[in-house]
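Report on the structure given below.
Note: hydrogens, waters and symmetry copies are ignored here, and every other heavy atom, side chains too, is used.
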Amino acid sequence: MKRASNESPDELVDRLQEEGRLDELETELQRYDPEKLDPQQKESFYRYWGIAAFQRCDRPTAYERFKEGSNACPESAEIRFSLGQEHEHRR
């Protein structure tokens, strides 16, 4: 994954939402290398990366992405919450 610009994941989401193009979020996020992001941007990346899979109803991928995000950002309450929701869904 390579980041095409200096746009943070949060700025990307804001821009796509303003342009009515949130359906392109997953594709656009693939341009990022989460290891090159600062801690806050990395957390946002993994949160949106999991949400993108969840929104297209791919719960197994959402689970894996939130799990990866939880490992990369263990202090993130938002990612842990999302991972917990996916755990509950899996029973």
Side-chain angles (χ1 to χ4, degrees):
M1 292 182 219
K2 296 188 180 192
R3 193 159 126 197
S5 72
N6 291 330
E7 188 174 48
S8 73
D10 289 318
E11 291 167 336
L12 169 68
V13 169
D14 290 344
R15 180 176 58 79
L16 291 176
Q17 187 168 18
E18 285 176 18
E19 296 172 359
R21 298 174 40 222
L22 269 178
D23 60 322
E24 298 174 29
L25 176 61
E26 192 164 19
T27 300
E28 292 295 320
L29 285 172
Q30 291 176 2
R31 300 174 189 250
Y32 289 80
D33 179 351
E35 294 307 311
K36 294 183 179 178
L37 299 174
D38 70 38
Q40 182 179 355
Q41 291 175 347
K42 182 187 278 191
E43 180 181 357
S44 293
F45 168 84
Y46 280 112
R47 187 167 23 96
Y48 295 130
W49 190 230
I51 288 169
F54 175 83
Q55 288 181 333
R56 62 179 170 75
C57 299
D58 184 348
R59 302 296 291 264
T61 299
Y63 171 79
E64 291 301 321
R65 288 178 179 179
F66 286 129
K67 191 164 102 176
E68 181 181 352
S70 182
N71 289 333
C73 307
E75 301 300 317
S76 173
E78 289 185 60
I79 293 174
R80 283 194 321 261
F81 177 79
S82 296
L83 179 59
Q85 285 184 309
E86 294 308 309
H87 271 295
E88 282 188 14
H89 176 74
R90 295 167 67 102
R91 293 188 180 98

Hits for ring-ring contact (aromatic ring centres under 6.0 Å, His included) against His89, two or more places apart or cross-chain, chain-then-number order -> none
For residues 49-63, which residue pairs qualify under salt bridge (Lys or Arg N to Asp or Glu O under 4.0 Å), counting only residues two or more places apart or in two chains? Glu26-Arg56, Arg56-Asp58, Arg59-Glu86
4.5 Å side-chain heavy-atom contact, Val13 and Leu22: yes
Rounded to the nearest 0.5 Å, the CD atom of Glu78 sits from the CG atom of Leu83 at a distance of 13.5 Å
Take Arg47 and Glu43, measure what salt bridge (Lys or Arg N to Asp or Glu O under 4.0 Å) needs, and give me the verdict at the end. CA-CA 6 Å; Arg47 187 167 23 96; Glu43 180 181 357; 5.0 Å; no
The test is side chain to side chain contact (heavy atoms under 4.5 Å, CB included); show your working for Tyr32 and Leu12 and say whether it passes. CA-CA 11 Å; Tyr32 289 80; Leu12 169 68; 3.7 Å; yes
Looking at Arg80 and Glu75, is there a salt bridge between them, counting it only when a charged N and a carboxylate O are closer than 4.0 Å? no
Give, for atom CD1 of Ile79 and atom CZ of Arg65, the distance between the pair rounded to the nearest 0.5 Å. 13.0 Å
Give me the atom names and distance for the closest heavy-atom approach of Tyr48 to Asp10. OH-OD1, 2.8 Å
With sequence neighbours excluded, what pairs up with Glu18 under the side-chain hydrogen bond (donor to acceptor under 3.5 Å, both in side chains) test? none
Tell me whether Glu88 at atom CD has more than 12 heavy atoms from other residues, nucleotides or ligands lying less than 6.0 Å away. no
Drop me the distance from Cys73's SG to Phe45's CZ, to the nearest 0.5 angstrom. 10.0 Å
Pairs where residues 56-77 contributes a residue and the test ring pair (Phe, Tyr, Trp, His ring centres under 6.0 Å) is met, not counting sequence neighbours: Tyr63-His87
Between OG of Ser44 and CD of Glu11, what distance do you get to the nearest 0.5 Å? 10.0 Å
ring-ring contact (aromatic ring centres under 6.0 Å, His included) with Phe54: which residues, sequence neighbours excluded? none
If you define the side chain from C-beta out and look only at heavy atoms, does anything of Glu28 sit under 4.5 Å from Glu7? no
Which residues pass the side-chain hydrogen bond (donor to acceptor under 3.5 Å, both in side chains) test with Gln40, not counting sequence neighbours? none
Would a 4.5 Å heavy-atom cut-off, applied to side chains only, mark Pro9 and Leu37 as touching? yes
